[in-house]
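Just the heavy atoms: all of them, side chains too, but no hydrogens, waters or symmetry mates, feed the values below. Residues take their numbers from the sequence shown, with the count starting at 1.
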Amino acid sequence: MESGLTNGVLVPSADDKSVVGGGGVKDVYGEDSATEDQLVTPWTVSVASGYTLLRDPRHNKGLSFTEKERDAHYLRGLLPPSVSCQDLQEKKLMHNLRQYEVPLQRYIAMMDLQERNERLFYKLLIDNVEELLPVVYTPVVGEACQKYGSIFRRPQGLFISLKEKYDHRIHMLPLLAKIRLRCVYTFHFLILGKILEVLKNWPEKNIQVIVVTDGERILGLGDLGCQGMGIPVGKLSLYTALGGVRPSACLPITIDVGTNNEKLLNDEFYIGLRQKRATGQEYAELLHEFMCAVKQNYGEKILIQFEDFANHNAFELLAKYRTTHLVFNDDIQGTASVVLSGLIAALKLVGGTLADHSFLFLGAGEAGTGIAELIALEISKKTNIPVEETRKKIWLVDSKGLVVSSRKESLQHFKQPWAHEHEPVKELFDAVKAIKPSVLIGTSGVGKTFTKDVVEAMASFNEKPVIFALSNPTSQAECTAEQAYTWTQGRAIFASGSPFDPVEYNGKVFVPGQANNAYIFPGFGLGLIMSGTIRMHDDMLLAASEALACQVTEENYAKGLIYPPLTNIRDISARIAAKVAAKSYELGLASRLPRPRDLVKFAESCMYSPVYRNYL
Ligand SMILES: NC(=O)C1=CN([C@@H]2O[C@H](COP(=O)(O)OP(=O)(O)OC[C@H]3O[C@@H](n4cnc5c(N)ncnc54)[C@H](OP(=O)(O)O)[C@@H]3O)[C@@H](O)[C@H]2O)C=CC1
Ligand SMILES: CC(=O)C(=O)O
Ligand SMILES: [Mg+2]
């Protein structure tokens, strides 16, 4: 029962007072549309009514359809007589969620809700962010990805596999013979595959942000192949809940090039291609076809966020596409920005400037070298010392030991700037004793690697050692909050990638911060989108770090917190968005003109509100 113009079209009422929490620039769908370039003409709108309406998650309100709406939209008898408000629905669902003892059951219940009633899903997530973030995001999303095949119900994003790749064995030869072309790999040939068609199969057209993974490095859990889809889905739900980007503008994508995970290849419930990962030219061609098709379909300003690619592809993809596309690697750049922010804030507690500190990382991959580079850049900007010099106070340990100059020849390119003069050191503990860092950062993906010896050594030469255990999910954290506080007698400034509960030590309660890129990417992305930014610049990451660090209050510091509470995340995101957009305008990279005068207010006005609309 689809309705057209004459049959129960859902149009939100003009005097809809229910819109709260920013938002309010509405289009005919009842969506916040301030970030859209063009509004859809009203007469093209056709929305379901009756039974189909109840199955349409974007518009379904369940028992909250009023008597009048039930009459107007053919819902009589399809619902029980009771009418409840959205707040009561939220109360009931939170009560139900809390009954589940198994975290994965909560995840499944949340995904079911998202597929049933999108606005209610986001209302729950926004109003209960501290309780529900660990469910839809790390740590539970990690387990969900591991079991994604078993719990798979309905697709929540696009799957693009090698099957959709342009196959030049089939297409290219006759074509080449016909037009006698020698040049094979041109842009035009590569976009003749099916990826563009696949993108067109997605029901939403006005996409503003894509989060894409190839599933090879899912959190610290390794290669989960096609089942990595939980990550783009989770990240995009945060784009909406934390950053206010409307859900219809978000597109999760998983690129399936196979998996090297034997367990999954032998799992009868595995949902991806059953083959080893494609690499080299085959991989590069698929990715190139994807990148070209995305730009062709959505235009220059589509934001593409790379997520959880393995480092041997991640750095190359970012370098290759940063000049032609609006790309952002969350693991390299978003993580760098959130950690730099935590360090800037931590200076209030530990004293000195960033340049006065020395840094040691366990893990020299995307997160480790990404953070290291942004710290070096920030110190360089603040001191006018060249970045080649500022890098010298930053040291990294990888699986083979301290990154030092004698290893330079065999190091991957992203580690080479960090290969300082030093004798080889194999173990982290020995590296800590040799370098005596004031800041220790874990980005190894390996749990329990900050042992008692390591943490005690940090406490022996620092009054307030800064210790970040960033690896996700919780099982991979380098140490727990309790260990960090106990082994340093309550002196550590601690933050972790996945959340830990507050810890009581010697009668004092310590609240660990969550150093997770979720603080940055939603506001960062909103800033890019609302300003119509066409290319990313590292100065925008620095602007985001400072915007976040500014939000930490004296009250937060008193509890040992170096990040503001997540309960205020939408306000925080609006401020991050404003600073990122301001930097973009300053650098001449913003295309939305004229520049709005008050960027914070503008950011707030762009934010999606999950409150129900009246359809009368
Ligand atoms: N909190 C947050 O916001 C974020 C957290 N992360 C987390 O960080 C972790 C790493 O991610 P990412 O940097 O992308 O991964 P990478 O695979 O790029 O890097 C991992 C690094 O850790 C090193 N390593 C692995 N095992 C050991 C070991 N036993 N001892 C010392 N070093 C080791 C690797 O060494 P080698 O190079 O020799 O193989 C590599 O340098 C993940 O758990 C991820 O979830 C990532 C992004 C954001
Ligand atoms: C948080 C994140 O992006 C990661 O662990 O990969
Ligand atoms: Mg990630």
Give a yes or no on whether the backbone of P499 and the side-chain of S496 come within a donor-acceptor separation of less than 3.5 Å.
no
What side-chain donor-acceptor pairs closer than 3.5 Å can you find for residues 211-218, not counting sequence neighbours?
residue	atom	partner	partner atom	Å
T213	OG1	G215	N	2.9
T213	OG1	E307	O	2.7
T213	OG1	D308	O	3.4
D214	OD1	E216	N	3.1
D214	OD2	Y283	OH	2.8
E216	OE2	H312	NE2	3.1
R217	NH1	L219	O	3.0
R217	NH1	D308	OD1	3.2
R217	NH2	D331	OD1	3.1

Just by modelled atom types, is the A367 backbone N or O under 3.5 Å from a matching donor or acceptor in the T443 side chain?
no
Would D256 and K163 pass as an ion pair if we require N to O under 4.0 Å?
no
Would the distance check show the side chain of N311 and the main-chain N or O of E366 forming a donor-acceptor pair, the cut-off being under 3.5 Å?
no
Looking only at non-hydrogen atoms, find the nearest pair between N472 and S498 and report the distance.
OD1-OG, 2.7 Å
Checking H537 side chain against S584 main chain: does a donor-acceptor pair fall under 3.5 Å?
no
What's the shortest heavy-atom distance between L286 and L162, and which atoms?
CD2-CD2, 4.0 Å
Can you find a heavy atom in the side chain of T254 that is under 4.5 Å from one in the side chain of I231?
no
Reported CG-to-OG1 distance for the pair N517 and T335, which is rounded to 0.5 angstrom:
4.0 Å
Looking at Q156, I want to see if its CD is surrounded by more than 12 non-hydrogen atoms of other residues, nucleotides or ligands under 6.0 Å.
yes
Determine, for E373 against R391, whether the closest basic-nitrogen to carboxylate-oxygen distance falls under 4.0 angstrom.
yes
Using a 4.5 Å cut-off on heavy atoms from C-beta on, say whether the side chain of F361 contacts that of W395.
no
For E101, does the CD atom sit with more than 12 other heavy atoms under 6.0 Å from it, leaving out its own atoms?
no
Carefully, step by step, assess S341 and Y519 under the rule side chain to side chain contact (heavy atoms under 4.5 Å, CB included).
CA-CA 10 Å; S341 167; Y519 267 109; over 6 Å; no
Look at K448 together with E478 and state whether they make a salt bridge at an N to O cut-off of under 4.0 Å.
no
If you measure from OH on Y137 to CE on M110, what distance do you get to the nearest 0.5 Å?
15.5 Å
Worked check of side chain to side chain contact (heavy atoms under 4.5 Å, CB included) between L97 and L132
CA-CA 10 Å; L97 275 175; L132 294 182; 3.9 Å; yes
Would you name the heavy atoms of A431 and L402 that are closest together and state the gap between them?
CB-CD1, 4.3 Å
Backbone N or O of D56 within a donor-acceptor pair of the R116 side chain at under 3.5 Å?
no
With a 4.5 Å cut-off on side-chain heavy atoms, are L224 and Q146 touching?
yes
Backbone N or O of L124 within a donor-acceptor pair of the N128 side chain at under 3.5 Å?
yes
For the pair E204 and R58, evaluate salt bridge (charged side-chain N to carboxylate O under 4.0 Å, His left out) and give the outcome as yes or no after the intermediate values.
CA-CA 11 Å; E204 299 294 343; R58 190 133 295 156; 2.4 Å; yes
Taking all non-hydrogen atoms of both residues, which atom of P522 and which atom of S573 are closest, and how far apart?
CB-OG, 4.4 Å
For residues 193-237, the ring pair (Phe, Tyr, Trp, His ring centres under 6.0 Å) pairs (sequence neighbours left out) are none
Relative to the ring of Y563, is the ring of F468 parallel (under 30°), tilted (30 to 60°) or perpendicular (over 60°)?
tilted
Atom CD of E427 with >12 non-hydrogen neighbours under 6.0 angstrom:
no
Are Q305 and Y239 linked by a side-chain donor-acceptor pair shorter than 3.5 Å?
yes
Any donor-acceptor pair under 3.5 Å linking the side chain of K295 with the backbone of T324?
yes
Would you check if there is a donor-acceptor pair between the side chains of K263 and Y270 at a distance under 3.5 Å?
no
Got a donor-acceptor contact below 3.5 angstrom from the R106 side chain to the Y100 backbone?
yes
Indicate the ring-plane relationship of F414 and F315, choosing parallel, tilted or perpendicular according to the 30° and 60° boundaries.
parallel
Report the C-alpha separation of F328 and F521 in whole Å, then their side-chain angles, then the decisive distance to 0.1 Å, and conclude whether the ring pair (Phe, Tyr, Trp, His ring centres under 6.0 Å) test is met.
CA-CA 9 Å; F328 170 70; F521 72 79; 7.6 Å; no
Measuring from I160:CD1 to I255:CD1, what's the distance to the nearest 0.5 Å?
5.5 Å
Between the side chains of R322 and D538, is the shortest nitrogen-to-carboxylate-oxygen separation below 4.0 Å, so that they form an ion pair?
yes
When you look at N60 and L53, which way does the side chain to side chain contact (heavy atoms under 4.5 Å, CB included) test go after all the steps?
CA-CA 6 Å; N60 179 29; L53 173 54; 5.7 Å; no
Is there a side-chain contact between D330 and F306 (heavy atoms, below 4.5 Å)?
no
Are more than 12 heavy atoms, taken from residues, nucleotides or ligands other than K205, located less than 6.0 Å from that residue's NZ atom?
yes
If you compare all heavy atoms of T138 against all heavy atoms of G497, which two are closest, and at what distance to 0.1 Å?
CG2-O, 4.0 Å
Check whether any side-chain heavy atom of I207 sits under 4.5 Å from a side-chain heavy atom of I210, and report yes or no.
yes
Using the side chain to side chain contact (heavy atoms under 4.5 Å, CB included) rule, take I441 and L360 through it: C-alpha gap first, then chi angles, then the decisive distance, then the call.
CA-CA 6 Å; I441 300 180; L360 179 66; over 6 Å; no
Can any side-chain N or O of T369 pair as donor or acceptor with the backbone N or O of G365 at less than 3.5 Å?
yes
Kindly indicate whether the side chain of V403, heavy atoms from C-beta on, has any atom under 4.5 Å from the side chain of L411.
yes
Over 12 non-hydrogen atoms of neighbours within 6.0 angstrom of NZ in K276
yes
Answer with yes or no whether the side chains of Q281 and E285 bring together a donor and an acceptor at under 3.5 Å.
yes
Check: S531 side chain, G527 main-chain N or O, donor-acceptor pair, under 3.5 Å
yes
When every non-hydrogen atom of C479 is compared with those of I467, the smallest separation belongs to SG-CG2, 4.4 Å
First locate atom CG of L158, then atom CD of E164, and finally report the distance between them rounded to the nearest 0.5 Å.
9.5 Å
Rounding to 0.5 Å, atoms CD (Q514) and CG (L133) come to a distance of 6.0 Å
Run E115 and R153 through salt bridge (charged side-chain N to carboxylate O under 4.0 Å, His left out) and show every step you take.
CA-CA 10 Å; E115 284 167 26; R153 285 158 149 75; over 6 Å; no
Interatomic spacing from CD in E118 to NZ in K123 - rounded to 0.5 Å:
15.0 Å
With the side chain counted from C-beta on, respond yes when L303 and H325 share a heavy-atom pair under 4.5 Å apart, and no when they do not.
no
Where does the angle between the aromatic ring planes of Y148 and F152 fall among parallel (under 30°), tilted (30 to 60°) and perpendicular (over 60°)?
tilted
